[in-house]
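Naming: A, B, ... by sequence-line order, numbering from 1 per chain.
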Protein chains: 2
Amino acid sequence: MELSCKTEYALLALVELATHHNTGTPLQIRQIATEQDIPDRYLEQLLATLRRAGVVKSQRGAKGGYLLAREPWKITLWDIISSIEGLDSPQQSVDENPKSAESTVVAEVWQEARHAAESVLQRYTLQDLTEKRDARQQRNIMYYI
Amino acid sequence: MELSCKTEYALLALVELATHHNTGTPLQIRQIATEQDIPDRYLEQLLATLRRAGVVKSQRGAKGGYLLAREPWKITLWDIISSIEGLDSPQQSVDENPKSAESTVVAEVWQEARHAAESVLQRYTLQDLTEKRDARQQRNIMYYI
DNA sequence: AGCAAACCCCAGTGGAGAACCGGGATATAC
DNA sequence: GTATATCCCGGTTCTCCACTGGGGTTTGCT
C-alpha cells in the first residue's frame, strides 16, 4: 500500500528520461542519479529491470546510457510499477488446497480494490507526470512575484 | 499491493466473528483459529491489535473470548486493514527536506491511486462479506444438483 | 590497437518487517 | 480455588529492501 523507495526511484528516473526524450541522446546512470539524488549503483539495478521489462533500452559503451523504449505518452505508470514490483506470478501452481469460501470472497474484494488503484495508474503516463510537474513549477514561480 | 497473510488472517477472523455475532456469546481464539486454519498464537497478536484499534472487544477469563465492537455493517474492510497495517503515520515530521517537484507529483498520483483502492475497501463491510460468502455457497450447492 | 567510458552481472551486507512459537502474569466463571 | 481464557513480553527464522563492491564486456575515440 505504501510507495516503496524502489518504485519511487524508478518513477523519478523515468521522469528524468522523459524530459530529455526529445534530445534523442541517451542519459547516463550517473547523470540521472545526481539529478534525482538516487544512489547510482542501486539505480543501475532498477534500470536493468526496466530494460528487461522493455520499458527502457540501453546503449552500451562510451557515450552510452539509457533511453525510453517508447514515447513518454505510451508508457503508463502501471507499466513501470508492475515491471519494478515484479508481479510475475511465476507459477500458476495448480495446488489442490481448496480455498475456503471466506478466502475466496476476501480475495475477490481485494482484487477489486487493487484493480481500482491499477486503473488510476493506467490512466497516467510519463508525459502526464512531466506536464503536471511543469504546471506545478509555473504555479510556484507565480507565488514569488 | 499484495494481500499479506497477516491482513487475510485478520479479515477471516472477523468474518468468523461476524457470522457468530447474532449469538451474543464471545468466540475464542482457539475456535476461530481451527475454523479458519490460522496459527492460534499468531492470531492472538492480531486480535490484540484489532482490540487496541477498537474493532473488536475482548472478555477475559473463563468463557471469555472476542466480540465485534460494533455491528457487522458498521465495520468496513478499510477499518480492519488500516488497523492491522498500522498506517498511523506516527510522526508528522516537519523535516526540512524540500521534496523535488518530481517527488511531489509522483506522491500526488500515488495518493490518488491509493485513495481509489481505499474507497473500494470503505464501501465493503463485514456484513457484505458474509452475504457474499453465503450467496457463493448457495451457487455452489446449485451446481451439485 | 589501446584506452577510457559506459553498461552488465553476480554476490554480499545490514536492517526491518512478516510469520510465527513460548512462557508466564492476569482476570473471570464455576 | 481452580480451570479457562485473554494479556504481555520476548525470541526466532525468513524474506525482502536498500545499498555496496568487484569484476567483466561493449563501444567510441584517438
Side-chain angles (χ1 to χ4, degrees), chain A residues 1-13 17 20 24-69 81 83-90, chain B residues 1-13 16-17 20 24-69 81 83-88 90:
Chain A
M1 226 53 187
E2 283 309 299
L3 176 57
S4 73
C5 191
K6 190 178 184 177
T7 305
E8 184 172 6
Y9 286 166
L11 289 173
L12 293 178
L17 281 179
H20 288 91
T25 65
L27 255 184
Q28 293 147 22
I29 293 179
R30 184 72 57 84
Q31 295 178 299
I32 305 175
T34 58
E35 198 69 29
Q36 292 293 336
D37 201 44
I38 303 172
D40 51 353
R41 306 298 267 109
Y42 190 40
L43 179 58
E44 182 187 334
Q45 295 177 24
L46 303 182
L47 286 172
T49 315
L50 291 170
R51 180 179 51 81
R52 280 188 280 266
V55 178
V56 300
K57 53 189 174 185
S58 66
Q59 193 169 322
R60 301 186 63 169
K63 306 279 177 186
Y66 284 92
L67 295 156
L68 294 183
I81 292 170
S83 302
I84 216 70
E85 221 99 311
L87 33 153
D88 11 301
S89 71
Chain B
M1 226 53 187
E2 284 309 298
L3 175 58
S4 73
C5 191
K6 190 178 183 175
T7 306
E8 184 172 5
Y9 286 165
L11 290 172
L12 292 178
E16 199 66 21
L17 281 179
H20 288 90
T25 66
L27 255 183
Q28 294 148 22
I29 293 179
R30 185 71 58 84
Q31 294 177 300
I32 305 175
T34 58
E35 197 71 28
Q36 292 293 335
D37 201 42
I38 303 172
D40 52 351
R41 304 302 264 111
Y42 191 38
L43 179 58
E44 180 187 334
Q45 293 176 25
L46 303 182
L47 286 172
T49 318
L50 291 170
R51 180 179 51 82
R52 279 186 281 266
V55 177
V56 300
K57 55 188 174 185
S58 66
Q59 192 169 321
R60 300 186 64 170
K63 306 279 179 185
Y66 286 92
L67 294 157
L68 293 183
I81 292 171
S83 302
I84 215 73
E85 221 99 311
L87 32 154
D88 12 300

Distance below 4.0 Å between B/K63 side-chain N/O and D/dA5 OP1 or OP2
no

Under-4.0 Å side-chain N/O to phosphate OP1/OP2 contact, A/R51 with C/dC9
yes

Distance, rounded to the nearest Å, where B/K57 contributes NZ and D/dA5 contributes C1'
18 Å

B/Q59 has an atom CD; how far is it from atom C1' of C/dC30, in whole Å?
14 Å

Reckon A/Y9 has a side-chain N or O less than 4.0 Å from the OP1 or OP2 of D/dC17?
no

With heavy atoms under 4.0 Å as the rule, sort A/I29 into base, sugar-phosphate or nothing.
sugar-phosphate

Atom-pair distance (CZ on B/R41; P on D/dT12), nearest Å
16 Å

At under 4.0 Å, does any side-chain N or O of A/S58 touch on OP1 or OP2 of C/dA6?
no

Closest nucleotide of DNA chain D for A/T7 versus for B/Q45: which of these residues is on the 5' side?
B/Q45

Distance check needed: D/dG21 C1' versus A/Y42 OH, whole Å only.
16 Å

So does A/R52 get a side-chain nitrogen or oxygen closer than 4.0 Å to the phosphate oxygens (OP1/OP2) of C/dC9?
yes

Take atom CD of B/E85 and atom P of C/dG17, then tell me their distance rounded to the nearest Å.
13 Å

Nearest heavy-atom neighbours spanning A/Y42 and A/K6:
OH-CG, 3.6 Å

Round to a whole Å and report the spacing from CZ of A/R60 to P of D/dT27.
7 Å

To the nearest angstrom, how far is A/Q28 atom CD from C/dA4 atom P?
17 Å

A/L43 and A/A33: which non-hydrogen atoms are nearest, and at how many Å?
CD2-N, 3.9 Å

Indicate the atoms forming the closest heavy-atom contact of B/K57 with B/L68, along with that distance.
CE-O, 3.6 Å

To the nearest Å, give me how far apart CD (B/E8) and P (C/dA18) are.
15 Å

Could you tell me whether the side chain of B/E44 has a donor or acceptor atom within less than 3.5 Å of a complementary atom in the base of D/dC8?
yes

Examine D/dC7: is either OP1 or OP2 under 4.0 Å from a nitrogen or oxygen in the side chain of B/Y66? Give yes or no.
yes

On DNA chain D, compare the nucleotides closest to B/R30 and A/K6; which residue's is nearer the 5' end?
B/R30

All heavy atoms of B/L47 vs all of B/I29, minimum pair found to be CD1-CG1, 3.8 Å

